[in-house]
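The structure under discussion appears below in the form of structure tokens.
What's counted below: heavy atoms across the whole structure, side chains too, no hydrogens, waters or symmetry copies.
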Amino acid sequence: MRYPNGHEFEYRWLRPSQIEVDPLYQRNLDTARVDKIAKNFNGDIFNEPKVSNRDGKIWVFDGQHTVAAWRKMNNNEDKPIYCKVFKGMTWLDECGRFIDQDGYDKDPTIADTLRAAYEARRPDVVGMVNGAELVGFKVNFKASKNNKTIVAVGALHRAYCKLGADAYVDMLTAIRDAWNYDVDSICAQIINAMTMFYKTYGGNFKRADLVSSLKRVAPAQIIREGRTFRMKNGFAREIVKCYNTKRKHRLDIDKL
């Protein structure tokens with residue numbers, strides 16, 4: 001069977017032990033999610049796991065948690081589960097379908113989706129990672145928070161898409177030069193604020209002046225003060241305030 005614009009598929013009973021998980025694009029198994037699916041399992045809304053028959057193996061690209069929940073419901077016995085088995089998919093096809101998936105299982109997080117897109121070499125995500133590395137940062141879609149490693153990948157991707165490659169690198173360079181890889185400087189609030197600043201005032205400020213202004217205040221203070229404004233541009237307003245301090249030619253803060 002084949003639907004328009006799709007690959008050929010058939011429905012088959014498969015044992016969970018036959019189903020492989022590719023760690024390059026799949027997220028880590030969330031045991032709490034598995035428990036929830038198993039506890040609330042409803043056959044009337046059950047979506048069959050979608051798997052790909054590739055290179056002689058069966059790879060799940062949508063429904064990893066459903067398979068694990070099925071196994072749990074059956075006391076970890078290897079009882080067959082009804083699956084939608086696709087033929088002719090490449091590894092890149094599986095990555096793409098993982099990114100697009102929806103249904104009963106939990107949707108991928110932004111980090112999951114961007115990690116899969118990076119493994120699939122999607123140009124915007126590769127550009128995002130390469131630009132950050134050019135400035136000395138690392139992008140890790142799963143890492144814990146630490147200096148030089150950016151885990152706020154959603155904010156980082158928005159910055160790349162909104163600013164373009166050159167301004168994106170310039171912005172990250174300003175963050176690095178102002179705060180010397182301080183872990184607080186690469187959180188989502190600061191990245192979003194700097195993106196808004198660059199998008200709003202690009203061409204009307206000097207990066208050297210911005211860096212010298214930001215050096216006088218810790219990123220944690222910008223976050224703390226920005227929260228008191230209770231608007232989405234509160235953190236960006238703090239960046240503008242820093243830039244305008246003791247400066248003859250000030251930026252119009254109301255443009256934000």
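Remark: Asp35 CG to His65 NE2 distance equals 10.5 Å, nearest 0.5 Å.
Taking the ring centroids of Tyr198 and Phe205, they lie under the 6.0 Å cut-off.
Tracing side-chain contacts under 4.5 Å through hydrophobic residues (I, L, V, M, F, W, Y), one reaches Phe98 starting from Leu92; they form part of the same cluster. No continuous path of ILVMFWY side-chain contacts below 4.5 Å connects Met194 to Val211, so the two sit in separate hydrophobic clusters.
Looking only at atom types and distance, the side chain of Arg97 has no donor-acceptor partner in the side chain of Ser52 under 3.5 Å away. A donor atom on one side chain and an acceptor atom on the other are found under 3.5 Å apart for Tyr25 and Glu94. Side-chain N/O atoms of Thr173 and Asp170 include no donor and acceptor closer than 3.5 Å.
Sparse packing is recorded around CG of Asp166, with 12 or fewer heavy atoms of other residues, nucleotides or ligands lying under 6.0 Å away. Other residues, nucleotides and ligands contribute at most 12 non-hydrogen atoms within 6.0 Å of the NZ atom of Lys72.
Looking at Lys57, its side chain never comes within 3.5 Å of a backbone N or O of Glu20 through a donor-acceptor pair. A distance-only check finds no donor-acceptor pair linking the side chain of Asn75 to the backbone of Glu77 [under 3.5 Å]. The backbone N or O of Arg227 sits nowhere less than 3.5 Å from a side-chain atom of Gln189 that would complete a donor-acceptor pair.
Judged by the 6.0 Å distance and 45° axis criteria, Arg237 is not positioned over the aromatic ring of Phe235. With Phe61 as the aromatic partner, Lys50 does not meet the cation-pi criteria of under 6.0 angstrom to the ring centre and within 45 degrees of the ring axis.
For the residue pair Val135 and Tyr181, the shortest heavy atom distance occurs at O-OH, 3.0 Å. Across Ala174 and Leu210, no two heavy atoms sit closer than the pair CB-CD2, 4.3 Å.
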Test side-chain contact (heavy atoms from CB on, under 4.5 Å) applied to Trp179 and Ile186, step by step: CA-CA 10 Å; Trp179 292 307; Ile186 48 178; over 6 Å; no
Step-by-step side-chain contact (heavy atoms from CB on, under 4.5 Å) determination, Ile19 to Gln64: CA-CA 9 Å; Ile19 300 173; Gln64 176 194 182; over 6 Å; no
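Using bins of under 30°, 30° to 60° and over 60° for the plane-to-plane angle, the ring pair Tyr160/Tyr168 lands in the perpendicular bin. Aromatic ring pairs are classed by plane angle as parallel below 30°, tilted from 30° to 60° and perpendicular above 60°; the pair Tyr201 and Phe197 is tilted.
With respect to the salt-bridge test (charged N to carboxylate O, under 4.0 angstrom), the residues Arg54 and Asp93 do not qualify.
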